[in-house]
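Presented below is the structure to which this report refers.
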Amino acid sequence: DTGVSQDPRHKITKRGQNVTFRCDPISEHNRLYWYRQTLGQGPEFLTYFQNEAQLEKSRLLSDRFSAERPKGSFSTLEIQRTEQGDSAMYLCASSPPGTALVPLHFGNGTRLTVT
Amino acid sequence: SQQGEEDPQALSIQEGENATMNCSYKTSINNLQWYRQNSGRGLVHLILIRSNEREKHSGRLRVTLDTSKKSSSLLITASRAADTASYFCAFEGGTYKYIFGTGTRLKVLA
């Protein structure tokens, strides 16, 4: 169990640029989640996958955001035409198969700064 | 907003004292979990309580759940400086989607 890995840890980009983040979950985990967290707030749900299927996407997520998990292993989160309001910590979490009575395992996040 | 509400937003106590933080939510739930987050890091799971449970203990942690009031509390006994962190509740309503609360920032003074 090497834990959930996120890359990069930090990303600084100019407004209007596209960015992509990667998450590698714990290998046996079939559910993968993306959250966004701004300073002083709790994590805000963005989307989640069960294997390669994206089962739910937040209505708060604009069309500029897209997430994929093509082979049911790692996942990518892309933000197109970034805006200053996208500056936040983007957290990935995974959980094992079975019931929902299991904890989420979080990575250390990708901190995005849009200038 | 679906997000849970936590209070207090911030709490400062002396080492050795107990810390209590509360979480309220609006939907029906299957389970509620508590997480801890150190500054700039990911969240770490602390404890899970099922909707049919009223109280659960784990070491110095005690969690209660009142589904009629849609609220939960986390008690940390005999706090230590190392307990300084933000604490979040998270609830799941049957769709594997976890909604987090707004968090309580705990500071334990040595």
Side-chain angles (χ1 to χ4, degrees), chain A residues 1 3-7 9-10 23-26 29-51 53-61 88-113, chain B residues 1-10 21-25 27-53 56 58 61 63 65 85-107:
Chain A
D1 181 351
V4 177
S5 176
Q6 292 189 246
D7 184 68
R9 286 280 283 133
H10 304 275
C23 172
D24 286 89
I26 293 171
H29 288 187
N30 68 333
R31 283 191 288 276
L32 185 149
Y33 298 78
W34 285 100
Y35 286 86
R36 177 172 64 189
Q37 186 179 29
T38 53
L39 199 62
Q41 298 296 313
E44 178 184 31
F45 174 82
L46 294 179
T47 188
Y48 93 93
F49 294 82
Q50 182 162 298
N51 300 312
Q54 187 173 19
L55 295 188
E56 190 161 345
K57 184 175 175 180
S58 170
R59 284 171 288 180
L60 300 173
L61 220 56
M89 175 80 88
Y90 290 83
L91 294 164
C92 176
S94 68
S95 66
T99 73
L101 298 172
V102 292
L104 298 180
H105 296 254
F106 279 85
N108 284 324
T110 293
R111 181 168 296 283
L112 173 66
T113 302
Chain B
S1 168
Q2 290 181 297
Q3 199 168 33
E5 295 287 331
E6 289 186 58
D7 79 274
Q9 288 187 343
M21 48 207 87
N22 306 293
C23 167
S24 62
Y25 55 91
T27 63
S28 59
I29 63 168
N30 277 346
N31 73 86
L32 188 143
Q33 304 184 24
W34 285 88
Y35 288 81
R36 164 197 169 121
Q37 184 179 37
N38 288 91
S39 181
R41 310 283 288 183
L43 284 77
V44 175
H45 179 261
L46 295 175
I47 194 166
L48 179 154
I49 187 165
R50 302 181 185 207
S51 60
N52 61 355
E53 297 176 313
K56 201 158 182 185
S58 176
L61 305 179
V63 170
L65 179 63
S86 293
Y87 292 82
F88 297 93
C89 64
F91 48 91
E92 186 273 333
T95 62
Y96 297 97
K97 173 181 168 182
Y98 295 84
I99 302 297
F100 281 80
T102 50
T104 293
R105 293 185 302 282
L106 174 65
K107 188 169 187 178

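All chains are named by letter (A, B, ...) in the order of the sequence lines, taking the proteins before the strands, and each is independently numbered beginning at 1.
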Measure from the side-chain N and O atoms of Q33(B) to the backbone N and O of V102(A), and report whether any donor-acceptor pair falls under 3.5 Å.
-> yes
Could you tell me the separation between the NZ atom of K97(B) and the OH atom of Y33(A), rounded to the nearest 0.5 Å?
-> 11.0 Å
Those residues at least two apart in sequence (or on a different chain) that pass side chain to side chain contact (heavy atoms under 4.5 Å, CB included) with S24(B) are E5(B)
Contact class of S86(B) relative to chain A, heavy atoms under 4.5 angstrom = neither
Among M89(A), Q37(A), E44(A), which has the most heavy-atom pairs under 4.5 Å with chain B?
-> Q37(A)
With a cut-off of 6.0 Å (strictly less than), are more than 12 heavy atoms of other residues, nucleotides or ligands near CZ of R9(A)?
-> yes
Of the listed residues (G40(B), A10(B), A90(B)), which shares the most heavy-atom pairs with chain A below a 4.5 Å separation?
-> G40(B)
Tell me which donor-acceptor pairs under 3.5 Å the side chains of residues 93-100 of chain A have, and how far apart each pair is, sequence neighbours excluded?
from: S94(A); atom 1: OG; to: H29(A); atom 2: ND1; distance (Å): 2.7
from: S95(A); atom 1: OG; to: R31(A); atom 2: NE; distance (Å): 3.4
from: T99(A); atom 1: OG1; to: L101(A); atom 2: N; distance (Å): 3.0

Which bit of Y98(B) is near chain A, if near means a heavy-atom gap under 4.5 Å: side chain, backbone, both or neither?
-> both
Contact part of Q37(B) toward chain A, heavy-atom cut-off under 4.5 Å: side chain, backbone, both or neither?
-> side chain
Which answer fits L104(A), side chain, backbone, both or neither, if we ask what part of it has an atom under 4.5 Å from a heavy atom of chain B?
-> both
So which heavy atom on G40(A) is nearest to which on R105(B), and how close?
-> O-NH1, 4.2 Å
Which atoms form the tightest heavy-atom contact between G42(B) and L91(A), and what is the distance?
-> CA-CD2, 4.2 Å
Is chain A contacted by the side chain of L48(B), its backbone, both, or neither, given a heavy-atom distance below 4.5 Å?
-> side chain
Atom CD of Q9(B): over 12 foreign heavy atoms under 6.0 Å = no
Interatomic distance, CZ@F100(B) vs OH@Y35(A), rounded to 0.5 Å, equals 5.0 Å
In terms of heavy-atom pairs under 4.5 Å with chain A, the winner among N31(B), L43(B), T102(B) is L43(B)
